[in-house]
**Student:** 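My questions will all concern the structure given below.
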Amino acid sequence: NATIQPITRVLVRIDLTLTPEFEWDNNPYIHGSGQGFWVWVEDADSERILHHEYFILKEKYHKEDHYLSFTVPIQTKPLPPQYFIRVISDRWLGSEASYPVVFNKLIPPAKFAPHTPLLDLQPLPVTEQIFESALQVKKENRGSIVPGQEKLFVRLYEGMEHFNAIQTQVFNVMYNKDDNVLLCAQNSSGKTICAEFAMLSLYKTHNKGSRKGHNGAKIEGESEDAAAKKAQRTPKVVYISPVEEVMKERMKNWRARFGRILKKTIVELTGEVTEDIERINKHDIIFSSPQNWDLVSRRYNKRPIIQHIDLFIVDDLHLINDNPGPTLEVIISRMRYISSEKAKPESEREEGIESGNKIRIVALSSCLANARDIGDWIGCTFRNEKAEASGASVIQSSCFSFETGVRPLPLDIHMQGFDQPHFNAR
């Protein structure tokens with residue numbers, strides 16, 4: 001028996017069940033201790049072998065079912081009517097079985113959105129003018145600007161003359177806008193510096209709480225006391241990483257730069273909820289694992305400090321399909337929910353949630369095939385191709401999904417296949 005499952009539009013997984021139907025003879029000249037069989041998959045015309053492997057049936061397991069799982073390529077235009085799976089004995093003539101795998105009910109997954117092209121832009125120089133001129137774009141929408149910080153920003157990148165191609169391309173969205181951002185690129189592509197652009201944007205425009213929708217002014221449905229407290233609030237940045245080594249390295253780096261140059265206080269959450277709440281209150285940049293942030297943010301409607309987070313950075317988001325995945329999904333969905341509730345009128349908000357600033361989410365990841373789905377989930381904006389074709393104003397996409405070949409240093413990838421025998425009992 002066999003079942004099929006589409007993995008991509010050009011690849012299917014086949015789960016095969018083998019059931020022996022013969023009497024075993026221990027005579028070493030007949031069956032002995034094991035029998036070998038070839039398992040292969042043929043195309044619809046039986047002209048090509050798409051997959052093959054050698055299977056050994058041992059005497060002590062000959063009365064049990066055996067399971068094989070493998071992937072085979074498939075074309076979708078046109079979709080083949082069927083494939084044939086053949087199991088042939090390596091010793092006995094005429095000892096074979098075949099099974100047709102029919103594709104008439106197979107529904108291939110939708111096509112993935114194309115990757116973000118790397119534009120041929122002039123690299124941005126690390127100068128005060130870059131941070132000053134960029135801010136002119138958002139003065140009208142972002143409230144008051146904190147003057148005199150450009151020199152400090154440049155000092156953060158001592159030793160760098162230019163930002164790389166990826167950093168140059170995402171600079172406008174990270175630094176000039178408030179949109180949630182997903183950035184997918186290869187390791188060592190400078191993604192962390194891109195997230196730092198969002199931090200600098202927050203620090204530059206956060207004058208005693210100044211930020212778009214959070215400029216210290218009293219908003220509708222807000223009490224005078226709440227507006228006064230908001231005006232005195234310092235910006236809060238949360239950095240989440242499921243990899244402890246990455247988090248420790250980033251914390252050491254930011255303490256040497258943001259702590260020394262911008263005088264920002266940095267702390268790591270420990271999992272002790274009461275103490276962690278105090279740490280969040282007293283510090284500017286908070287480092288946490290997904291599990292610790294899940295603990296501290298569960299009672300968000302009873303803990304106003306969780307609602308006052310301005311920037312929520314999630315690193316290594318590609319691990320959402322690994323062990324920390326469910327926790328990552330929960331905390332990102334929770335922060336998005338809090339952000340959406342804060343934008344609602346008081347009569348429609350969940351009880352215990354205060355009105356105020358949007359929580360901006362910046363997610364960093366390795367290259368993903370379904371970046372569009374992840375970007376939709378975290379609230380990215382996307383270009384409207386129909387509006388662009390009609391000549392209307394186009395919103396710049398905040399979802400960046402670069403190909404694996406886009407990296408500061410070129411890398412050639414070669415794949416070499418090899419045979420590896422499996423001696424373990426199936």
Side-chain angles (χ1 to χ4, degrees), residues 8-9 108-121 124 134 137-138 140-142 165-186 189-191 193-199 201-202 211-213 240 310-321 325 328-329 331-344 357-406:
T8 67
R9 294 183 64 85
K111 288 184 177 180
F112 291 127
H115 289 285
T116 304
L118 185 66
L119 304 180
D120 186 16
L121 302 175
L124 283 176
V137 179
K138 59 184 177 182
E140 297 180 359
N141 300 326
R142 295 288 297 271
I166 293 177
Q167 295 160 356
T168 299
Q169 185 164 335
V170 306
F171 180 83
N172 182 58
V173 172
M174 288 287 192
Y175 193 70
N176 291 339
K177 300 181 181 296
D178 277 324
D179 300 330
N180 294 346
V181 180
L182 172 64
L183 174 57
C184 304
Q186 278 285 20
S189 297
K191 297 191 294 291
I193 290 181
C194 297
E196 291 176 5
F197 294 155
M199 297 172 64
S201 174
L202 174 65
R211 194 162 178 251
K212 185 177 181 180
I240 303 292
D310 294 281
L311 180 60
F312 192 72
I313 301 174
V314 183
D315 205 350
D316 296 313
L317 186 61
H318 54 276
L319 296 178
I320 197 168
N321 196 36
L328 276 173
E329 186 174 350
I331 61 175
I332 295 175
S333 298
R334 183 179 296 149
M335 299 307 288
R336 273 214 68 197
Y337 173 76
I338 296 172
S339 181
S340 63
E341 286 294 305
K342 289 162 71 69
K344 294 180 180 179
N357 61 307
K358 165 190 173 181
I359 301 175
R360 187 184 191 189
I361 299 175
V362 173
L364 310 177
S365 169
S366 291
C367 301
L368 298 175
N370 61 335
R372 177 68 185 245
D373 297 335
I374 302 295
D376 249 339
W377 167 52
I378 69 173
C380 293
T381 57
F382 296 93
R383 296 174 62 181
N384 189 329
E385 296 180 357
K386 293 183 179 179
E388 185 177 3
S390 63
S393 59
V394 179
I395 298 176
Q396 187 172 3
S397 174
S398 64
C399 179
F400 299 91
S401 174
F402 295 100
E403 290 183 301
T404 56
V406 176

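Quick caveat, the model's predicted, so the values are computed rather than measured.
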**Student:** Would you say Ile331 and Ile240 make side-chain contact, with heavy atoms under 4.5 Å?
**Tutor:**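 Yes, close enough: below the 4.5 Å cut-off.
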**Student:** First locate atom OG of Ser189, then atom CD1 of Ile166, and finally report the distance between them rounded to the nearest 0.5 Å.
**Tutor:**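 That separation rounds to 4.0 Å.
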**Student:** Could you state the interatomic distance from CD1 (Ile374) to CG (Leu368), rounded to the nearest 0.5 Å?
**Tutor:**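 It is 6.5 Å, given to the nearest 0.5 Å.
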**Student:** Look at the side chain of Gln167 and the backbone N and O of Ile193, then say whether any donor-acceptor pair between them is shorter than 3.5 Å.
**Tutor:**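 It does not hold such a pair.
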**Student:** List the atom of Ser340, the atom of Tyr337, and the distance in Å for their closest heavy-atom pair.
**Tutor:**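 Reported closest heavy-atom pair: OG-O, 2.8 Å.
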**Student:** At what distance, to the nearest 0.5 angstrom, does CG of Asp179 lie from OG1 of Thr381?
**Tutor:**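 So the CG of Asp179 and the OG1 of Thr381 are separated by 4.0 Å.
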**Student:** Using only atom types and a distance under 3.5 Å, with no angle test, would you say the side chain of Gln169 pairs donor to acceptor with the backbone of Leu119?
**Tutor:**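 Present.
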**Student:** So, Thr168 side chain and Leu124 main chain: donor-acceptor pair closer than 3.5 Å or not?
**Tutor:**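 It does hold such a pair.
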**Student:** Which heavy atom in Lys358 sits nearest to a heavy atom in Asp178, and how many Å separate them?
**Tutor:**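 So the minimum-distance heavy-atom pair works out to NZ-O, 2.6 Å.
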**Student:** Can you list the steps and then say if Val314 with Ile378 is a side chain to side chain contact (heavy atoms under 4.5 Å, CB included)?
**Tutor:** CA-CA 11 Å; Val314 183; Ile378 69 173; over 6 Å; no
**Student:** Any donor-acceptor pair under 3.5 Å linking the side chain of Thr116 with the backbone of Ser401?
**Tutor:**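 Present.
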**Student:** Give, for atom CG of Leu317 and atom CH2 of Trp377, the distance between the pair rounded to the nearest 0.5 Å.
**Tutor:**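 Output value for this atom pair is 6.0 Å.
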**Student:** Mind listing the closest non-hydrogen atom pair of Ile332 and Ile361 along with its distance?
**Tutor:**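 Closest heavy-atom pair between Ile332 and Ile361: O-CD1, 4.2 Å.
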**Student:** Taking it one step at a time, do Leu311 and Met199 satisfy side chain to side chain contact (heavy atoms under 4.5 Å, CB included)?
**Tutor:** CA-CA 7 Å; Leu311 180 60; Met199 297 172 64; 3.5 Å; yes
**Student:** So, the side chain of Lys191 versus the backbone of Leu183: is there a donor-acceptor pair under 3.5 Å, distance only?
**Tutor:**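 The answer is no, because no donor-acceptor pair under 3.5 Å joins these two groups.
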**Student:** Check the pair Phe312, Ile338 against side chain to side chain contact (heavy atoms under 4.5 Å, CB included), reporting the backbone distance first and the verdict last.
**Tutor:** CA-CA 12 Å; Phe312 192 72; Ile338 296 172; over 6 Å; no
**Student:** Are any side-chain N or O atoms of Arg360 and backbone N or O atoms of Lys177, one a donor and one an acceptor, separated by less than 3.5 Å?
**Tutor:**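 Looks like yes, one N/O pair under 3.5 Å.
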**Student:** Just how far is it from atom CD1 of Ile313 to atom SG of Cys194, taken to the nearest 0.5 Å?
**Tutor:**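 So the gap between those two atoms works out to 11.0 Å.
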**Student:** Side chain to side chain contact (heavy atoms under 4.5 Å, CB included) for Phe382 and Asp376? Distances and angles first, verdict last.
**Tutor:** CA-CA 9 Å; Phe382 296 93; Asp376 249 339; 3.5 Å; yes
**Student:** Starting at CE of Met174, measure out to OG of Ser201 and round the result to the nearest 0.5 Å.
**Tutor:**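 Separation between the atoms: 10.5 Å.
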**Student:** Where do Ser398 and Asn180 come nearest, in terms of heavy atoms and distance?
**Tutor:**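 Looks like OG-O, 2.7 Å.
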**Student:** Using only atom types and a distance under 3.5 Å, with no angle test, would you say the side chain of Ser365 pairs donor to acceptor with the backbone of Cys184?
**Tutor:**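 Answer holds: no.
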**Student:** Going by heavy atoms in the side chains, are Glu403 and Cys367 under 4.5 Å from each other?
**Tutor:**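 No, too far: nothing below the 4.5 Å cut-off.
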**Student:** Mind listing the closest non-hydrogen atom pair of Phe197 and Tyr175 along with its distance?
**Tutor:**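 Taking every non-hydrogen atom into account, O-CD1, 3.4 Å.
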**Student:** For the residue pair Cys380 and Leu182, what are the closest heavy atoms and their distance?
**Tutor:**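 The answer is SG-N, 3.5 Å.
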**Student:** Within the side chain of Ser339, is there an N or O that forms a donor-acceptor pair under 3.5 Å with the backbone of Ile359?
**Tutor:**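 Yes, because the side chain of Ser339 sits within donor-acceptor range (under 3.5 Å) of the backbone of Ile359.
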